[in-house]
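These notes are about the structure you will find just below.
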Amino acid sequence: MENNSKFILRAIELSIKSIKNQGGPFGSVVVKEGKIIAEGFNKVTSNNDPTAHGEIVAIREACKKLNTFNLKGCDLYSSCEPCPMCLSAIYWSHIDRIFYANTREDAKDIDFDDSLIYAEISKDKNNRKIKMIQLHREEALEAFKIWKNKDDKIKY
């Protein structure tokens, strides 16, 4: 557990660094084979990018450094339980395990509340706060047909 402590403490240190850089209090590290591959902290306001959460920043950096989109064999350490967007990115990147410090309830207590998103995801798409309007499905299916028949596709 010693290494786990070292890595989670680094994520917490990054979360404090983020505050000093005008970001939200969130930091993350990606670890492979006992070494930190990438670090990230919240850059939403500094980059004007709502997707620049600490986990996303760390995942992007890890993928760049390892020259892959598949982070199997890596763990992610986060100063807080990942939000729905970050959790999705973690699944898409195939990270093995998530270690976290603060909970989503702790984040809610300081006005980082993801409960609306969790509630919206479980609703029928026609009952969500942001309306979803489908257009030109038949035309769009053409790309899916081409992909389905492509012999040299790279699955992810």
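Dense packing is recorded around CZ of Phe69, with more than 12 heavy atoms of other residues, nucleotides or ligands lying under 6.0 Å away.
Interatomic distance, Arg10 CZ to Ser79 OG, rounded to the nearest 0.5 Å: 12.0 Å. Rounded to the nearest 0.5 angstrom, Asp109 CG and Asn102 CG are separated by 10.0 Å. Within the model, atoms CG of Leu9 and CZ of Phe7 stand 11.0 Å from one another, a figure rounded to the nearest 0.5 Å. Residue Cys80 holds its SG atom at 10.5 Å from CD1 of Ile12, rounded to the nearest 0.5 Å. Here the CZ-NZ distance, from Phe41 to Lys20, works out to 11.5 Å after rounding to the nearest 0.5 Å. Atom CD of Glu61 is separated from atom CD1 of Ile36 by 12.5 Å, given to the nearest 0.5 angstrom.
Closest heavy-atom contact between Thr68 and Asn70: OG1-N, 3.1 Å. Annotation for Ala62 and Ala38: closest pair N-CB, 3.3 Å, computed over non-hydrogen atoms. Shown here for Thr45 and Gly23, the closest heavy-atom pair between the two residues is OG1-CA, 4.1 Å. Contact between Ser28 and Ala11 at its shortest, heavy atoms only, is CA-CB, 4.1 Å. For the residue pair Val57 and Glu39, the shortest heavy atom distance occurs at CG1-O, 4.3 Å. The shortest non-hydrogen separation linking Pro25 to Ile19 is CB-CD1, 3.6 Å.
Relative ring orientation between Tyr156 and Trp92 is described as tilted, the plane-to-plane angle lying within the 30° to 60° band.
With side-chain heavy atoms closer than 4.5 Å counting as contact, directly or through intermediates, the hydrophobic cluster containing Ile133 also holds Leu135. Through ILVMFWY side-chain contacts below 4.5 Å, Tyr118 is grouped with nothing and stands alone.
Under the 4.5 Å side-chain heavy-atom criterion for grouping Ile, Leu, Val, Met, Phe, Trp and Tyr, Ile98 is not connected to Val31 through any hydrophobic cluster. Residues Val29 and Ile37 are members of separate hydrophobic clusters, defined by side-chain heavy-atom contacts under 4.5 angstrom among Ile, Leu, Val, Met, Phe, Trp and Tyr. Ile8 and Val30 are members of different hydrophobic clusters when ILVMFWY side chains are connected at heavy-atom separations under 4.5 Å.
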- Item | Derivation and outcome, side chain to side chain contact (heavy atoms under 4.5 Å, CB included), residues Asp114 and Glu81 | CA-CA 11 Å; Asp114 298 324; Glu81 183 179 354; over 6 Å; no
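Residue pairs meeting the salt bridge (Lys or Arg N to Asp or Glu O under 4.0 Å) criterion with at least one member in residues 127-139, sequence neighbours excluded, do not occur.
Looking at Cys86 and Ile56, their side chains come closer than 4.5 Å, going by heavy atoms from C-beta outward. The closest side-chain heavy-atom distance from Lys145 to Glu142 is below 4.5 Å. Side-chain contact between Leu71 and His94 is absent, with no heavy atoms from C-beta onward closer than 4.5 Å. Between Cys83 and Ile117 the shortest side-chain heavy-atom distance does not fall below 4.5 Å. Two residues are said to be in side-chain contact when any heavy atoms from C-beta on lie closer than 4.5 Å; Asp75 and Asn4 fail this criterion. With contacts defined as side-chain heavy-atom distances shorter than 4.5 Å, the pair Leu66/Cys74 qualifies. No side-chain heavy atom of Arg97 sits less than 4.5 Å from a side-chain heavy atom of Leu76. Using a 4.5 Å cut-off on side-chain heavy atoms (C-beta onward), Lys153 and Lys155 make contact.
Under the side-chain hydrogen bond (donor to acceptor under 3.5 Å, both in side chains) criterion, Thr103 pairs with Glu105, Asp106, sequence neighbours left out. Checked against side-chain hydrogen bond (donor to acceptor under 3.5 Å, both in side chains), Asp113 has the following partners two or more places apart in sequence or in another chain: Ser115. Under the side-chain hydrogen bond (donor to acceptor under 3.5 Å, both in side chains) criterion, Asn127 pairs with no residue at all, not counting sequence neighbours.
Remark: side-chain polar atoms of Ser88 are paired, donor with acceptor, to backbone N or O of Pro84 under 3.5 angstrom. Under the 3.5 Å distance criterion, the side-chain polar atoms of Ser78 are left unmatched by any main-chain donor or acceptor of Tyr100. In this structure a side-chain-to-backbone donor-acceptor pair under 3.5 Å is present from Asp124 to Asn126. Looking only at distances, no side-chain donor or acceptor of Lys32 sits under 3.5 Å from a matching main-chain atom of Gly73.
By the 6.0 Å and 45° rule, Lys108 does not stack over the aromatic ring of Phe112.
There is no side-chain donor-acceptor pair under 3.5 Å between Ser46 and Gln22.
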